[in-house]
2 protein chains.
Amino acid sequence: MTTATASRALADTACEAEAACCVPTHGQNALEPAEANALATRFKALADPNRLRILSIVSSSAEAETCVCDLTEPLDLGQPTVSHHLKILVDAGLLNREKRGVWAYYSLAPNALDSLAATLTQKA
Amino acid sequence: MTTATASRALADTACEAEAACCVPTHGQNALEPAEANALATRFKALADPNRLRILSIVSSSAEAETCVCDLTEPLDLGQPTVSHHLKILVDAGLLNREKRGVWAYYSLAPNALDSLAATLTQKA
DNA sequence: TCGAGACATCGATGTTCGTCGATGTATTTA
DNA sequence: TAAATACATCGACGAACATCGATGTCTCGA
């Protein structure tokens, strides 16, 4: 129960051999750098207020489908900027893009947000 | 069932009064800008590979407590950088900081990741 | 075939972010 | 009290990001 505290005290006294001072019992079960990068990319897609609002609008729209021109006004952003944000969300796997005629319809990628949420809860 | 498609076609023909072209049926149930900012701040804390690894190491450590010197080696980062990332995680409410003696112990904030995850799932 | 509309892409710009070395602060030990 | 340790803060620098205007691509209707 007090394993970490005890080993911490142990490490305190054992601080003489080299620069390492604390218990190096971690690092093997930690997130792999490559995996951490992939996860960070998906969270980075969520780390912008306008992109969160895009997801909110898309998911709350009648058919869960939205075109670019539906977003420029409520977001108060230019069309190139909206397209840029949409591309980031699509690249992150959070949105799907379907072009029908002149319009491009965006919809939530099924289970994408859920799997991201599962990554958070299982870690705790 | 085809409400959005129908209203889209409607908007197509109704594109004459002003610059607005698509159905402005959104925006009222969308995420508020202030709320989106707050959420983005928390996701921004997760949008870095090294911070994700910090959370992983902290949560997987024996007592779910970790001091700074436990992190510099597995992350291969300097101590100021690790302190900087920890501050961001604490400010985002994801980590708790407790100073005992010379060491600063960091632990997962209870329910912080869970509530963030809930925000994602309820939106889908 | 031509023009108009919807969207994507490009290039530029101001801002934010991650990282580091240097330094400051607080606590323990001698 | 003085030295050492653990950590936080500061200032700087290069990279990444958000936004915009201009332009390119594609589709539809005249």
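Every chain is numbered from 1 and lettered A, B, ... according to where its sequence line falls, protein lines coming before strand lines.
Straight-line distance from the CH2 atom of A/Trp103 to the P atom of C/dA4: 17 Å, rounded to whole Å. Per the geometry, CG belonging to A/Leu75 stands 14 Å off P belonging to C/dC7, to the nearest Å. The CG atom of B/Asn37 sits 14 Å away from the C1' atom of C/dT16 (whole-angstrom rounding). Rounded to whole angstrom, the span from the CG atom of A/Leu89 across to the C1' atom of D/dA18 amounts to 13 Å. If you take CD of B/Glu98 and P of D/dA6, they are 18 Å apart, rounded to a whole angstrom. The distance between atom CG of B/Leu86 and atom P of C/dT19, rounded to the nearest whole Å, is 12 Å.
Between A/Tyr105 and C/dA6 there is no side-chain N or O to OP1 or OP2 distance below 4.0 Å. The phosphate of C/dC7 has neither OP1 nor OP2 within less than 4.0 Å of any side-chain N or O from A/Arg97. Put simply, A/Tyr106 has no side-chain N or O that comes within less than 4.0 Å of OP1 or OP2 on C/dA6.
For the atom pair CG (A/Asp48) and NE2 (A/His85), the distance works out to 4.5 Å, reported to the nearest 0.5 Å.
Closest-nucleotide positions on DNA chain C for A/Val82 and B/Lys44 were compared, and the one nearer the 5' end corresponds to A/Val82. Where B/Lys87 and A/Ile88 each meet DNA chain D at their nearest nucleotide, the meeting point lying more 5' is that of B/Lys87.
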- Message: What verdict does the salt bridge (charged side-chain N to carboxylate O under 4.0 Å, His left out) test give for B/Arg100 and B/Glu65, after you've listed the backbone C-alpha separation in whole Å, the side-chain angles of each residue and the deciding distance to 0.1 Å?
- Response: CA-CA 12 Å; B/Arg100 288 204 300 268; B/Glu65 272 187 341; 3.3 Å; yes

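No side-chain heavy atom of A/Leu86 sits less than 4.5 Å from a side-chain heavy atom of A/Arg97. Side-chain contact between A/Leu46 and B/Leu120 is present, with heavy atoms from C-beta onward closer than 4.5 Å. Taking the side chain as every heavy atom from C-beta outward, B/Tyr105 and B/Asn96 never approach each other to under 4.5 Å. When side chains are defined from C-beta on, B/Ile57 does not count as touching B/Asp70, because their heavy atoms never get closer than 4.5 Å.
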- Would you give a per-nucleotide map of nucleotides 19-30 of chain D, 5' to 3', where B means the base has a protein non-hydrogen atom under 4.0 Å away, S means only the sugar-phosphate does, and - means neither? BBBB----SS--

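Residues satisfying the salt bridge (Lys or Arg N to Asp or Glu O under 4.0 Å) criterion with B/Lys99, sequence neighbours excluded, are absent altogether.
Of the candidate nucleotides D/dA18, C/dC7, D/dA8, D/dA8 has the atom lying nearest to any side-chain atom of B/Ser83.
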